[in-house]
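To find a chain, count down the sequence lines: A is the first, B the second, and so on, and within it residues start at 1. Below, all heavy atoms of this structure are taken into account, side chains as well, without hydrogens, waters or symmetry copies. Not measured: the values here are computed from a predicted model.
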2 protein chains.
Amino acid sequence: MGSATLDDVAKQAGVSAKTVSRVANGERSVRPETRERVLRAIEALDYRPNLLARGLSGAHAYTIGLVFDNPNAYYIIAMQQGALAACDDMHFGLQIRPCDSTASTLAEDLRDFVHRSRISGLVLTTPVSERTRALRKLAGYHIPFVRIISAARDPRDDIPCVYVDDRDAAYAITTHLLQLGHMRIGFLQGGKRHHASAERLKGYKDALQHYGLPIRDELMVEGDYVFDDGFRGARRLFDLAEPPTAIFGCNDEIAAGALAAAQSAGLSVPYDVSIAGFEDSPFSRHSWPPLTTARQRADIIVERATRMLIARIRDEPVDNEGFNPELVVRGSTAPPRPKSRQRKRR
Amino acid sequence: MGSATLDDVAKQAGVSAKTVSRVANGERSVRPETRERVLRAIEALDYRPNLLARGLSGAHAYTIGLVFDNPNAYYIIAMQQGALAACDDMHFGLQIRPCDSTASTLAEDLRDFVHRSRISGLVLTTPVSERTRALRKLAGYHIPFVRIISAARDPRDDIPCVYVDDRDAAYAITTHLLQLGHMRIGFLQGGKRHHASAERLKGYKDALQHYGLPIRDELMVEGDYVFDDGFRGARRLFDLAEPPTAIFGCNDEIAAGALAAAQSAGLSVPYDVSIAGFEDSPFSRHSWPPLTTARQRADIIVERATRMLIARIRDEPVDNEGFNPELVVRGSTAPPRPKSRQRKRR
DNA sequence: CGCACAATTGACAGCGCTGTCTTTATTGGC
DNA sequence: GCCAATAAAGACAGCGCTGTCAATTGTGCG
């Protein structure tokens, strides 16, 4: 009924429980013929190690935690898939853990989580990964973790991380718009809670500067990563005396809001105004027109981070790794209308 | 360093470990003053029970599993939130578990999952919850579970469930379109793997019948719950000699595809064609125009199912419960154009 | 005041596994 | 062929908790 235990297998194979344990955990010091016999017994009894017992007994539970505080459903799912793929592959368990990254007790909350379940380590995603103070405490508790952050280059500090160059991707998107001929490009900012927002803004500004264009305050609207802010922000841009011919939303949801604002204002995208997003979420693929955006493979990034964490737990050497989101050009961006015709519309 | 244990607390409070265990688990047979003393010690030592030890020792691990096999990110997140809310409230752990509902070993996979971690019970969501054969096996393994299914009424079988009346909601949406004056309504079907697809189709047909309208095969396009099928299906409908004046997509993603198809065909929504979805996902709120849809609170439904499961695990009596998605009218549906003008456009 | 009974509390084993240490088998070198 | 060195296998304790049952304390009542 309740599955077989180590002892059952040991009896069946005529060896000690410890030997079965060794085989089950792939330790090398077992003679091939013994291993064979044990494997047969495991097969015959359909034995599966009890993870609770293993975790309670061993040094740790061979389980990692994926920690997030992010309202973006696609992002979460992609991250979960990535972490799961790595964990399945490495025979680790996965505990998925939402949390409040703004809590003052963040470090303690995570510590309790880790201790209660003997979690072997944590993969921290943004914005949890940006709470430097909490991370320092966490490190103080000797909890291994890897963080995923938004940065242009390897921070080279003592905390292993995967860094995503949001600045560069935003630079690429802005450059794409500039090369299409847009001279006035609106930027809908993301929430300040995320470092990525600042990075993307930086990429936008850098590109303008590189092209010798002025950076205009009225073209950079503040907001958060939500549809409504995209909608409102875009409307504000449209209402300017001299509205932008292109709008770059800090993520796809913001861009979707801008798209809706354009359509509700009777503007045709991309003929009257170009719109670009960031993330390559289904939003960007499933809108009309589909959005030009930056593809960010959260699944692959998290999978990588998870593998790094497991390596770290096994005391193997790990190197930080960087990712560059990739420009994806779709139907929502096009050259601006010639001046003459643009005038007519107004 | 590593958190305090029961014994530490026991020593501090001057009682036995078992008494601390009783207090920690809220058992009643402890004198108030003793309880008080123990609670103080727990507080002082910042004690947190080790979940692995509790699970290994006790009859089960006070953890339930949420099982799903559904590509819809919003759905998954909503379900996770609902399950988590219930689990947090009832002091149960939650294991989130994607799976392959088409696997022939589904029942065995789930059994192994349950046994390995001493999971107390499972919440099965569609389409896993519809694999009747596997469920029967699962019940044979004495694994408690609650399933969420698409059904118009309480199935009154021996498996506890939460049932969602998709038929009724589809009926309501179709009726809404009929009452607006639409006489030809296209229906973009969902994948056959989900019972909900058939239920929704039934609701559509029932409503037409109720209004004395014929059910036309050419208006019911087959497909799956993906954007592209919505896009293609809608195009096929637009190409009919006599195209529908309204399209009902079996979920929001399909409807988003239809919306894109309309826009790409130069049709204005809702003036040239009305479009309705199903689910109330962000898709429906964040498109332009926003979609009329049926609100289905996956979070609340799953939370309810989770509470039922926990009640069941505690041998408390449980009654099946039904949910009715609620019609949400937004900008994507309107009366059809008067015939005369419609002609002009063609 | 003394007894039957109920309410509290504690002692102890054991959940199923792994870490440590010990014992036994095997190998290579002279 | 014998011994040291190494490899393989086993014995045993114990991870931190709960279930069971026994011991203790408190209660009501004649």
Salt bridge [X]-[Y], side-chain N to carboxylate O under 4.0 Å:
X	Y	value
B:R193	B:D69	yes
B:R147	B:D157	yes
B:D89	B:R307	yes

Open item on the list: Quick check on A:E316: does its CD atom have over 12 non-hydrogen neighbours (other residues, nucleotides or ligands) under 6.0 Å away?
Closed with: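 Enclosed: over 12 neighbouring heavy atoms sit under 6.0 Å from CD of A:E316.
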TODO: Determine whether more than 12 heavy atoms belonging to other residues, nucleotides or ligands lie under 6.0 Å from atom CZ of A:R314.
DONE: yes
Can you give each donor-acceptor pair under 3.5 Å made by side-chain atoms of residues 48-57 of chain B, sequence neighbours left out, with the distance rounded to 0.1 Å?
{"from": "B:R48", "atom 1": "NH1", "to": "A:D112", "atom 2": "OD2", "distance (Å)": "2.5"}
{"from": "B:R48", "atom 1": "NH2", "to": "B:D46", "atom 2": "OD1", "distance (Å)": "2.4"}
{"from": "B:N50", "atom 1": "OD1", "to": "B:L52", "atom 2": "N", "distance (Å)": "2.7"}
{"from": "B:N50", "atom 1": "OD1", "to": "B:A53", "atom 2": "N", "distance (Å)": "3.0"}
{"from": "B:R54", "atom 1": "NH2", "to": "B:N25", "atom 2": "OD1", "distance (Å)": "3.2"}

Open item on the list: Contact between A:Q95 and A:I64 at the side-chain level, heavy atoms closer than 4.5 Å - yes or no?
Closed with: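 Heavy-atom side-chain distance check fails, nothing below 4.5 Å.
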Open item on the list: Measuring centre to centre across the rings, with the benzene-like ring taken for any Trp, is A:H115 within less than 6.0 Å of A:Y141?
Closed with: no
Please tabulate, one pair per line, each protein N/O and nucleotide N/O from nucleotides 15-19 of chain D that are separated by under 3.5 Å, including the distance.
{"from": "D:dC15", "atom 1": "O2", "to": "A:S57", "atom 2": "N", "distance (Å)": "3.4"}
{"from": "D:dC17", "atom 1": "OP1", "to": "B:Y47", "atom 2": "OH", "distance (Å)": "2.6"}
{"from": "D:dC17", "atom 1": "OP1", "to": "B:N50", "atom 2": "N", "distance (Å)": "3.1"}
{"from": "D:dC17", "atom 1": "OP2", "to": "B:L6", "atom 2": "N", "distance (Å)": "2.4"}
{"from": "D:dC17", "atom 1": "O2", "to": "B:S57", "atom 2": "OG", "distance (Å)": "2.9"}
{"from": "D:dT18", "atom 1": "OP1", "to": "B:N25", "atom 2": "OD1", "distance (Å)": "3.4"}
{"from": "D:dT18", "atom 1": "OP1", "to": "B:N25", "atom 2": "ND2", "distance (Å)": "2.7"}
{"from": "D:dT18", "atom 1": "OP1", "to": "B:R54", "atom 2": "NE", "distance (Å)": "3.1"}
{"from": "D:dT18", "atom 1": "OP2", "to": "B:S21", "atom 2": "OG", "distance (Å)": "2.4"}
{"from": "D:dT18", "atom 1": "O4'", "to": "B:S57", "atom 2": "OG", "distance (Å)": "2.5"}
{"from": "D:dG19", "atom 1": "N7", "to": "B:K18", "atom 2": "NZ", "distance (Å)": "2.9"}

Atom pairs under 3.5 Å, N or O on each side, protein against nucleotides 4-6 of chain D: can you list them with distances?
none

Open item on the list: My understanding is that only residues two or more places apart in sequence, or in another chain, count here; which of them pass side chain to side chain contact (heavy atoms under 4.5 Å, CB included) with B:A85?
Closed with: B:E303
Task: side chain to side chain contact (heavy atoms under 4.5 Å, CB included) involving A:V146 - partner list, sequence neighbours excluded - done: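 Partners of A:V146 by the side chain to side chain contact (heavy atoms under 4.5 Å, CB included) criterion, ordered by chain and then number, come out as A:P160, A:A305, A:M308, A:L309.
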Can you tabulate the close N/O pairs, meaning under 3.5 Å, that link protein atoms to atoms of nucleotides 5-7 of chain C?
none

